**Student:** 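There's a structure below that I have some questions on.
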Amino acid sequence: MLVLVAPGQGAQTPGFLTPWLDLPGVRGALEAWSDAVELDLIRYGTEGDADEIRDTAVAQPLLVAAGLTSAYTLFDDPAELPRKVGALAGHSVGELTAAALAGVLPDEEAVLLVRVRGLAMAEATAATATGMSALLGGDPEVTIPHLEKLGLTPANVNGAGQVVAAGTLEELAALEADKPEGVRRVVALKVAGAFHTHHMAPAVDTLARAAAELSPADPTVTYVSNKDGQAVAAGSEVLARLVGQVANPVRWDLCMETFKELGVTALLEVCPGGTLTGLAKRALPGVKTLALKTPDDLDAARELIAEHASA
């Protein structure tokens, strides 16, 4: 059983889209979405420096566009995807990619919605000086209560022992001085603010208004939600969770538990892949993994699909 996953913010690197533009249909799709969101996705994905593409308002639509175009290059006909992929999921903003691939939203609507999401989250980060830090080592059962004691949110519980804390810069400084038992290091992440916490509440309101204009369809592929790792069968519920998830923790650990329950045998991560396959290698032993980084990975990815495609 094949699971297709889409990475979240932080996976992008300068120039990562350049090799994909030579593939049929990619440039045209990116140009159309760029016009729709009034953002030059091709320039940012090929020429943008690290600071430019770290901007939340840029990074989010760029990641969704990259994930969609790379996923569609895997299949001669997009209609093959729901016949061969057993489950779809995305980490944080990657959930928008997964929702589009599952047929919940048309591609252009997903890109337009993620543009609203990115702008709203960027605006929310301007209200208070906040950030996120990854904890290296430790046991989540010890780490999470310690974070809550300091006023921090375990914004990403990623599995394989990985937890990301989020909160004000003062709270994160207190964490540096008072690490949970077993945590070796606290590494500040290069993000604009405390995503997936109550600090993002204003962005939820903005996104809810935009989502109210949409008419989601039920997913054509099993869709696994970051909220609690559960498979969601109704398009309206998928959309409601996408809105609320902006201010709630990402439970990727529970998503991977659901992959196990579904009988996953292979996990394929769309462009710019690497982060989620790394987690899967540690948390899903025996499951074959592959990350789409460049078009050079396509042949191996198609072989993986052929071998593990769902009945």
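Note: hydrogens, waters and symmetry copies are ignored here, and every other heavy atom, side chains too, is used. Quick caveat, the model's predicted, so the values are computed rather than measured.
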**Student:** Ignoring hydrogens, what is the shortest heavy-atom contact between Leu112 and Ala36? Give both atom names and the distance.
**Tutor:**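 Closest approach of Leu112 to Ala36: CD2-O, 3.3 Å.
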**Student:** Can you check whether Glu176's main-chain N or O pairs, donor with acceptor, with Lys179's side chain at less than 3.5 Å?
**Tutor:** yes
**Student:** Do the side chain of Asn156 and the main chain of Asn158 share a donor and acceptor less than 3.5 angstrom apart?
**Tutor:** no
**Student:** Can you run down the side chain to side chain donor-acceptor pair (under 3.5 Å) pairs that involve residues 24-37, sequence neighbours left out, and say none if there aren't any?
**Tutor:**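 Counting only pairs at least two positions apart or across chains, no side chain to side chain donor-acceptor pair (under 3.5 Å) contact touches residues 24-37.
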**Student:** Apply side chain to side chain contact (heavy atoms under 4.5 Å, CB included) to Leu242 and Val104, showing your working.
**Tutor:** CA-CA 11 Å; Leu242 288 172; Val104 176; 5.8 Å; no
**Student:** Given a cutoff of under 4.5 Å between side-chain heavy atoms of I, L, V, M, F, W and Y, with clusters grown through shared members, what are the other residues clustered with Leu262?
**Tutor:** Met1, Val3, Val5, Val224, Val250, Trp252, Met256, Phe259, Val264, Leu267, Leu276, Leu279, Leu284, Val287
**Student:** Testing Val111, Leu119, Leu113 one by one against Arg115 for a side-chain contact (heavy atoms from CB on, under 4.5 Å), which residue passes?
**Tutor:**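 Looking at Val111, Leu119, Leu113, the match for Arg115 under the side-chain contact (heavy atoms from CB on, under 4.5 Å) is Leu119.
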**Student:** Counting only heavy atoms not in Lys288, do more than 12 sit closer than 6.0 Å to its NZ atom?
**Tutor:** no
**Student:** With the 4.5 Å side-chain cut-off for hydrophobic clustering, are Leu298 and Leu2 part of the same group?
**Tutor:**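 Yes, Leu298 and Leu2 fall within the same hydrophobic cluster.
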**Student:** Measure the shortest side-chain to side-chain distance between Lys149 and Asp178 over non-hydrogen atoms and say whether it is less than 4.5 angstrom.
**Tutor:**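 Yes - at least one pair of side-chain heavy atoms lies under 4.5 Å apart.
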**Student:** Looking at CG of Leu63 and CG of Leu41, how far apart are the two atoms once the value is rounded to the nearest 0.5 Å?
**Tutor:** 10.5 Å
**Student:** Run Tyr44 and Gln12 through side chain to side chain contact (heavy atoms under 4.5 Å, CB included) and show every step you take.
**Tutor:** CA-CA 10 Å; Tyr44 281 112; Gln12 72 280 7; over 6 Å; no
**Student:** Do side-chain atoms of Glu52 reach the backbone of Asp49 as a donor and acceptor pair under 3.5 angstrom?
**Tutor:**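 Confirmed, Glu52 side chain pairs with Asp49 backbone.
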**Student:** List for me each residue that meets side-chain hydrogen bond (donor to acceptor under 3.5 Å, both in side chains) alongside Thr265, sequence neighbours excluded, and say none if there are none.
**Tutor:**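 Checked Thr265 against side-chain hydrogen bond (donor to acceptor under 3.5 Å, both in side chains); matches are His308.
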**Student:** Grab the two heavy atoms, one from Pro19 and one from Phe16, that are nearest each other, plus how far apart they are.
**Tutor:**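 Scanning both residues, the minimum pair turns out to be CD-O, 3.6 Å.
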**Student:** Return the CD to CG distance between Glu170 and Leu152, rounded to the nearest 0.5 Å.
**Tutor:** 11.0 Å
**Student:** Indicate whether any N or O donor in one side chain lies under 3.5 Å from an N or O acceptor in the other, for Thr153 and His196.
**Tutor:**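 Note: Thr153 and His196 side chains miss the donor-acceptor criterion.
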**Student:** Go through it in stages, so that I can follow the logic: the residues are Val163 and Leu147, the test is side chain to side chain contact (heavy atoms under 4.5 Å, CB included), and I'd like the CA-CA distance, side-chain angles, deciding distance and then a yes or no.
**Tutor:** CA-CA 10 Å; Val163 176; Leu147 295 179; 3.9 Å; yes
**Student:** Could you tell me if the side chain of Leu62 sits less than 4.5 Å from the side chain of Leu17, heavy atoms only?
**Tutor:** yes
**Student:** Which of these passes side-chain contact (heavy atoms from CB on, under 4.5 Å) with Met132: Leu189, Thr197, Leu172?
**Tutor:**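 Of the listed options, the one satisfying the test is Leu189.
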**Student:** Determine whether Lys227 and Glu237 satisfy the following criterion, salt bridge (charged side-chain N to carboxylate O under 4.0 Å, His left out), listing intermediate values before the conclusion.
**Tutor:** CA-CA 11 Å; Lys227 180 179 180 179; Glu237 177 66 11; 5.4 Å; no
**Student:** Mind running side chain to side chain contact (heavy atoms under 4.5 Å, CB included) on Cys271 and Trp20 for me, showing each step along the way?
**Tutor:** CA-CA 10 Å; Cys271 177; Trp20 294 92; 3.5 Å; yes
**Student:** Salt bridge or not for Lys260 and Glu257, using N-O below 4.0 Å?
**Tutor:**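 Between Glu257 and Lys260 there is a salt bridge, with a charged N closer than 4.0 Å to a carboxylate O.
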**Student:** Less than 3.5 Å apart, any donor N or O on the side chain of Asp107 or Tyr72 sitting next to an acceptor on the other?
**Tutor:**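 Tyr72 and Asp107 do have a side-chain donor-acceptor pair below 3.5 Å.
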**Student:** In this structure, would Val191 and Val114 fall into the same cluster of hydrophobic residues linked by side-chain contacts under 4.5 Å?
**Tutor:** yes
**Student:** Is Asp77 atom CG crowded by more than 12 heavy atoms from other residues, nucleotides or ligands, each under 6.0 Å away?
**Tutor:**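 Enclosed: over 12 neighbouring heavy atoms sit under 6.0 Å from CG of Asp77.
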**Student:** I need the Met121 CE to Met200 CE distance, nearest 0.5 Å.
**Tutor:**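 The CE atom of Met121 sits 5.5 Å away from the CE atom of Met200.
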**Student:** Could you check whether atom CZ of Arg185 has more than 12 heavy atoms from other residues, nucleotides or ligands sitting under 6.0 Å from it?
**Tutor:**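 Atom CZ in Arg185 is not packed in, count stays at 12 or less.
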**Student:** Are Thr56 and Gln60 side-chain neighbours, meaning at least one heavy-atom pair lies under 4.5 Å?
**Tutor:**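 A side-chain contact exists here, since the closest heavy-atom pair is under 4.5 Å.
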**Student:** Looking only at heavy atoms, which two atoms of Glu269 and Thr277 are closest? And how far apart?
**Tutor:**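 Scanning both residues, the minimum pair turns out to be OE1-N, 2.9 Å.
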**Student:** Find out whether Pro61 and Leu39 are in side-chain contact, i.e. whether some heavy atom of one side chain is under 4.5 Å from a heavy atom of the other.
**Tutor:** yes
**Student:** Using a 4.5 Å cut-off on heavy atoms from C-beta on, say whether the side chain of Arg117 contacts that of Leu207.
**Tutor:** yes
**Student:** Could you state whether Leu101 and Leu304 fall into the same hydrophobic cluster, counting links through intermediate Ile, Leu, Val, Met, Phe, Trp or Tyr residues with side-chain heavy atoms under 4.5 angstrom apart?
**Tutor:** yes
**Student:** Has Thr130 got a side-chain atom pairing as donor or acceptor with Ala194's backbone, closer than 3.5 angstrom?
**Tutor:**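 Pair found, side chain donor or acceptor close to backbone of Ala194.
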**Student:** Taking atom CD of Glu80 as the centre, does the number of heavy atoms from other residues, nucleotides or ligands within less than 6.0 Å exceed 12?
**Tutor:** yes
**Student:** I need the Thr97 OG1 to Leu105 CG distance, nearest 0.5 Å.
**Tutor:** 11.0 Å
**Student:** Between Leu214 and Tyr223, is there a shared hydrophobic cluster once you connect ILVMFWY residues whose side-chain heavy atoms come closer than 4.5 Å?
**Tutor:** yes
**Student:** Would you say Ser133's side chain and Val186's backbone share a donor-acceptor pair under 3.5 angstrom?
**Tutor:** no
**Student:** Looking at Thr73 and Arg302, what are the two nearest heavy atoms and their distance?
**Tutor:** O-NH2, 2.7 Å
**Student:** Look at Glu95 together with Arg241 and state whether they make a salt bridge at an N to O cut-off of under 4.0 Å.
**Tutor:** no
**Student:** Kindly compute the distance separating CD (Gln230) from CD (Glu261), expressed to the nearest 0.5 Å.
**Tutor:** 7.5 Å
**Student:** Find out whether Ser70 and Val26 are in side-chain contact, i.e. whether some heavy atom of one side chain is under 4.5 Å from a heavy atom of the other.
**Tutor:**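 Sidechains of Val26 and Ser70: no contact.
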**Student:** Within this structure, what is the CG-CG distance for the pair Leu254 and Asn226, rounded to the nearest 0.5 Å?
**Tutor:** 10.0 Å
**Student:** Please say yes or no: joined through hydrophobic side-chain contacts below 4.5 Å, possibly via intermediate residues, are Leu68 and Leu21 part of one cluster?
**Tutor:**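 As far as the 4.5 Å side-chain criterion goes, Leu21 and Leu68 are connected within one cluster.
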**Student:** Determine the minimum heavy-atom distance between Ala98 and Ala89, stating which atoms define it.
**Tutor:** CB-C, 3.7 Å
**Student:** For Pro219 versus Gly235, what's the shortest heavy-atom pair and its separation?
**Tutor:**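 Answer, listing the atom of Pro219 first, then Gly235: CD-N, 3.8 Å.
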